[in-house]
> 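One structure follows; several queries about it will come next.
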Amino acid sequence: MPNMIQNAKDSISQILNAAYQKAAEKGELPAGAALSGTVEIPKDSANGDFAANHAMAGAKALHMAPRKIAETLIANADLADTWFASVEVAGPGFINFRLADRWYADVLQAVTREGADYGRSDIGHGQKVMVEFVSANPTGPMHMGNARGGVLGDALASVLDRAGYQVWREFYVNDAGNQIEKFANSIDARYQQLLLGEEQVAFPEDGYHGDDIKDLAKLFYEANGDKYLTVPVAERHQAMAEFGLQRNIPKMQEDLRRYGIEYDQWFFESELHESGYVAESVQKLTDRGYTYEKDGALWLKTSQILAEQLLKAGKKQEEIDKLELKDDVLRRANGFYTYFAADIAYHRNKLEKRGFDKAINVWGADHHGHVARLKGAMDALGLDGEHRLDIVLMQLVKLTRNGEVVRMSKRTGKAISLTDLLDEIPVDAARYFFNSRPESPVEFDLELAIRQDSENPVYYVQYAHARICTLLSALAAEGHTVPASADAALLSTAEEKELIKQLAALPEEIRLAARDYDPSRINRYVTELAARFHRFYTVCRIKGAESDVQAARLLLADCVRRVIAVSLGIIGVTAPEKM
């Protein structure tokens with residue numbers, strides 16, 4: 001698929017290299033040098049559409065002043081049958097190129113030809129990539145962090161898919177271990193309080209105190225009466241955990257589906273334990289010499305693994321000693337495996353058993369201390385955690401209304417859950433606002449998210465799409481349909497050219513978003529596209545313009561419609577035809 005920005009840059013390098021060869025043959029420049037440089041888009045289009053620094057980069061090898069090199073290259077440059085109308089020297093030796101009508105026409109043709117696939121590429125070469133995100137504990141309602149992680153993970157998966165990776169979305173269900181015992185113990189306490197009275201049964205201090213636990217206990221009582229009161233604790237807790245999970249997990253799936261998120265797989269931690277895969281993974285670490293026993297527990301030599309990593313990265317031993325690295329327990333003295341042991345087994349399962357080329361996790365920033373440990377464990381297993389496991393850390397979310405921080409739901413009076421949020425604001429707004437830079441905290445303005453004006457960015461972009469749909473429909477009713485092609489020379493205003501340049505930028509934005517694991521680039525891109533369309537629409541009349549100009553502008557507007565829809569689709573936001 002065409003990346004017209006990158007193609008133009010590559011073409012400039014080819015033109016300059018051909019010019020150098022020609023100049024060298026004529027004796028105007030020294031022969032035998034390798035001419036290379038970078039091509040950038042100037043901030044001010046008065047300086048041209050693209051600026052190359054090849055003359056400055058080659059000054060040392062050619063033993064000449066950069067400006068003289070630039071002038072010689074331009075004198076020998078052949079722009080015939082290229083995308084460029086002119087080229088000139090600027091400043092100390094920049095070579096500035098201006099685009100010809102042909103490039104603008106080819107952009108519109110590419111958008112029309114590729115349709116819904118515009119922006120796709122094969123940069124990923126079909127590599128198998130798993131994106132694991134949300135993975136909230138199934139012991140209670142999902143919160144704001146899960147809401148943000150859900151969008152970032154889902155949009156990142158979409159970006160990677162567009163960039164040519166084979167993408168798998170996964171939710172890891174922590175249905176084993178300490179938190180599930182705590183979950184069962186909390187339901188048990190509420191169950192007994194229902195039967196024996198609250199004053200007779202103490203609620204565990206470390207239990208889950210939410211009303212959702214009371215609701216589960218009540219449902220469990222309604223289903224089973226008092227028959228579990230005399231059942232052994234282990235059996236009672238197993239029944240209660242299963243009962244709670246059978247209700248909580250479908251609710252999580254339902255909430256995420258409402259949020260526009262579908263997973264390829266919900267992977268259960270319990271399967272790792274029951275299959276013996278956790279024990280097998282720990283044994284593999286032992287066989288490789290990375291564990292030891294102390295106080296009846298089995299420990300991972302995390303400090304040694306991390307120290308080895310840091311030494312390879314160039315850290316000095318005295319610097320490493322100051323970090324006071326610690327080891328981790330894999331199997332407790334009571335024989336139970338830790339959460340870290342299960343996490344190691346799960347990621348071994350991703351990379352070794354299921355053969356993903358890369359595993360990407362979207363985590364809250366509070367997990368940053370776990371990143372190096374998990375990567376190190378993968379290295380210890382021979383799975384190259386440094387390059388095959390990537391972690392995207394996202395910062396916190398702060399909800400506000402009228403400038404005030406909001407912690408409680410108006411509807412329930414409790415801490416805001418994902419369900420509460422989606423009851424209050426549209427899914428499109430939630431997805432758009434939460435898909436912001438992962439490394440930056442988000443201040444989510446609940447009032448702004450429901451406003452229907454240009455201050456609300458999602459409304460602003462969707463309105464541009466709807467505006468174009470209404471225009472196309474009105475003109476179609478008068479017999480003016482979108483042409484298959486048009487004379488780009490007729491699209492000569494600055495607003496028209498800037499709009500086409502923005503259309504051309506989507507493939508590059510997708511490439512960079514995939515490279516940097518930053519799908520928020522698509523938000524910024526489509527917001528700017530909408531802004532350029534609104535400026536164009538204000539300045540350039542479509543309906544009532546001369547027929548050939550109207551046809552060209554109609555094609556341009558239709559291309560904008562297509563690209564807005566593609567961009568919003570990547571981040572899981574709808575593109576309405578009417579508003």
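Both backbone and side-chain heavy atoms feed into the values below; hydrogens, waters and symmetry mates do not. As the structure is a prediction and not an experimental result, all values here were calculated from the model.
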> Is it true that Arg562 and Thr112 share a donor-acceptor pair across their side chains at a distance under 3.5 Å?
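Note: Thr112 and Arg562 side chains miss the donor-acceptor criterion.
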> Which word best sums up how the rings of Trp363 and His347 line up, parallel for under 30°, tilted for 30 to 60°, or perpendicular for over 60°?
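Because their plane-to-plane angle is over 60°, the rings of Trp363 and His347 count as perpendicular.
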> Say whether Tyr432 and Thr527, considering side chains only, have a donor N or O and an acceptor N or O under 3.5 Å apart.
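Side chains of Tyr432 and Thr527: pair found under 3.5 Å.
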> Surrounding CD of Glu478 (heavy atoms of other residues, nucleotides or ligands, distance under 6.0 Å), is the total greater than 12?
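Result for CD/Glu478: enclosed.
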> Among pairs that include at least one residue of residues 151-167, which meet side chain to side chain donor-acceptor pair (under 3.5 Å), considering only residues two or more places apart or in two chains?
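Every side chain to side chain donor-acceptor pair (under 3.5 Å) pair that includes a residue of residues 151-167, provided the two are not neighbours, is Arg120-Asp161, Asp154-Arg169, Asp154-Arg431, Ser158-Arg169.
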> Can a donor-acceptor pair be found, under 3.5 Å and without considering hydrogens, that links the side chain of Asp44 to the backbone of Ala46?
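Present.
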> Mind telling me whether Tyr460 and His534 have parallel, tilted or perpendicular rings, with 30° and 60° as the class edges?
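Tilted: the ring planes of His534 and Tyr460 meet at 30° to 60°.
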> Would you say the rings of Tyr346 and Phe267 are close, in the sense that their centroids are separated by under 6.0 Å?
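Yes - the distance between ring centres of Phe267 and Tyr346 falls below the 6.0 Å cut-off.
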> List the atom of Val458, the atom of Ala429, and the distance in Å for their closest heavy-atom pair.
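Looking at all heavy atoms of both residues, the shortest contact is CG1-CA, 4.1 Å.
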> Please answer whether the main-chain N or O of Thr72 pairs with a side-chain N or O of Asn76 as donor and acceptor at a distance below 3.5 Å.
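Between the backbone of Thr72 and the side chain of Asn76 there is a qualifying donor-acceptor contact (under 3.5 Å).
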> So, the side chain of Asn146 versus the backbone of His143: is there a donor-acceptor pair under 3.5 Å, distance only?
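At least one qualifying donor-acceptor pair exists.
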> Test side chain to side chain contact (heavy atoms under 4.5 Å, CB included) on Gln253 and Tyr263; report intermediate values, then the result.
CA-CA 9 Å; Gln253 292 171 329; Tyr263 289 92; over 6 Å; no
> Not counting sequence neighbours, which residues clear side chain to side chain donor-acceptor pair (under 3.5 Å) with Glu88? List them please.
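Arg98.
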> Got a sec, which residues hit side chain to side chain donor-acceptor pair (under 3.5 Å) with Ser485, two or more places apart in sequence or on another chain?
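Per chain and number, Ser485 pairs via side chain to side chain donor-acceptor pair (under 3.5 Å) with no residue.
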> Could you check whether Asn17 and Lys22, counting side-chain N and O atoms only, form a donor-acceptor pair closer than 3.5 Å?
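Note: Lys22 and Asn17 side chains miss the donor-acceptor criterion.
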